[in-house]
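For reference, positions follow the sequence shown, starting with 1.
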Amino acid sequence: MDLQHSNLEELLNDESFIRWLRDEATGQEEQKWERWLADDPENRNTVRKAKKIITMPFIEDIPSDTKEELRILIEQIEEFDP
C-alpha cells in the first residue's frame with residue numbers, strides 16, 4: 001500500500017495500522033506509522049477518524065461482507081467531521 005495516498009477505508013483494512021492504533025504494533029510497524037504520520041499533517045485527522053471508528057463497540061473483526069456498510073459509515077463520519 002502506498003502510504004502517501006492511503007484513504008481511511010484502506011487503512012482500516014490494514015492490520016498493521018489497526019495494531020498501531022491499538023498500541024499493539026511491533027517496533028518496525030511503529031516506526032513505519034510514525035514516519036507516515038510525520039510526513040503529512042493531514043494524516044493526524046485520518047488517525048483521529050480511524051480511532052473513532054475502531055473504538056466503536058460494534059466495530060470488531062468486521063466480516064468482509066460488511067465492507068460496503070463500513071464505507072457508508074466512514075462517509076457519514078467524514079460529513080460531520082471534516
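Atom-to-atom distance recorded for Glu15:CD and Glu24:CD is 11.5 Å, nearest 0.5 angstrom. The CZ atom of Arg19 sits 11.5 Å away from the CG atom of Leu21 when rounded to the nearest 0.5 Å. The CG atom of Leu8 sits 11.5 Å away from atom NZ of Lys52, with the distance rounded to the nearest 0.5 Å. A distance of 11.0 Å separates CZ in Arg48 from CD1 in Ile53, rounded to the nearest 0.5 Å. Atom-to-atom distance recorded for Thr26:OG1 and Lys32:NZ is 8.5 Å, nearest 0.5 angstrom.
Residues passing the side chain to side chain contact (heavy atoms under 4.5 Å, CB included) test with Glu9, sequence neighbours excluded: Asn7, Asn13, Arg71, Ile74. For Glu42, the side chain to side chain contact (heavy atoms under 4.5 Å, CB included) partners at least two apart in sequence or on another chain are Asp40, Asn45. Not counting sequence neighbours, Gln28 has no partner by the side chain to side chain donor-acceptor pair (under 3.5 Å) test. By the side chain to side chain donor-acceptor pair (under 3.5 Å) test, Glu34 pairs with Trp20, sequence neighbours left out. For Ile18, the side chain to side chain contact (heavy atoms under 4.5 Å, CB included) test picks out Leu12, Arg22, Ile54, with sequence neighbours left out.
The two residues Asn43 and Trp36 come nearest to each other via the heavy atoms ND2-O, 2.6 Å. Taking both residues in full, the closest heavy atoms of Glu30 and Ala25 are given as N-CB, 4.0 Å, listed atom of the first, atom of the second, then distance.
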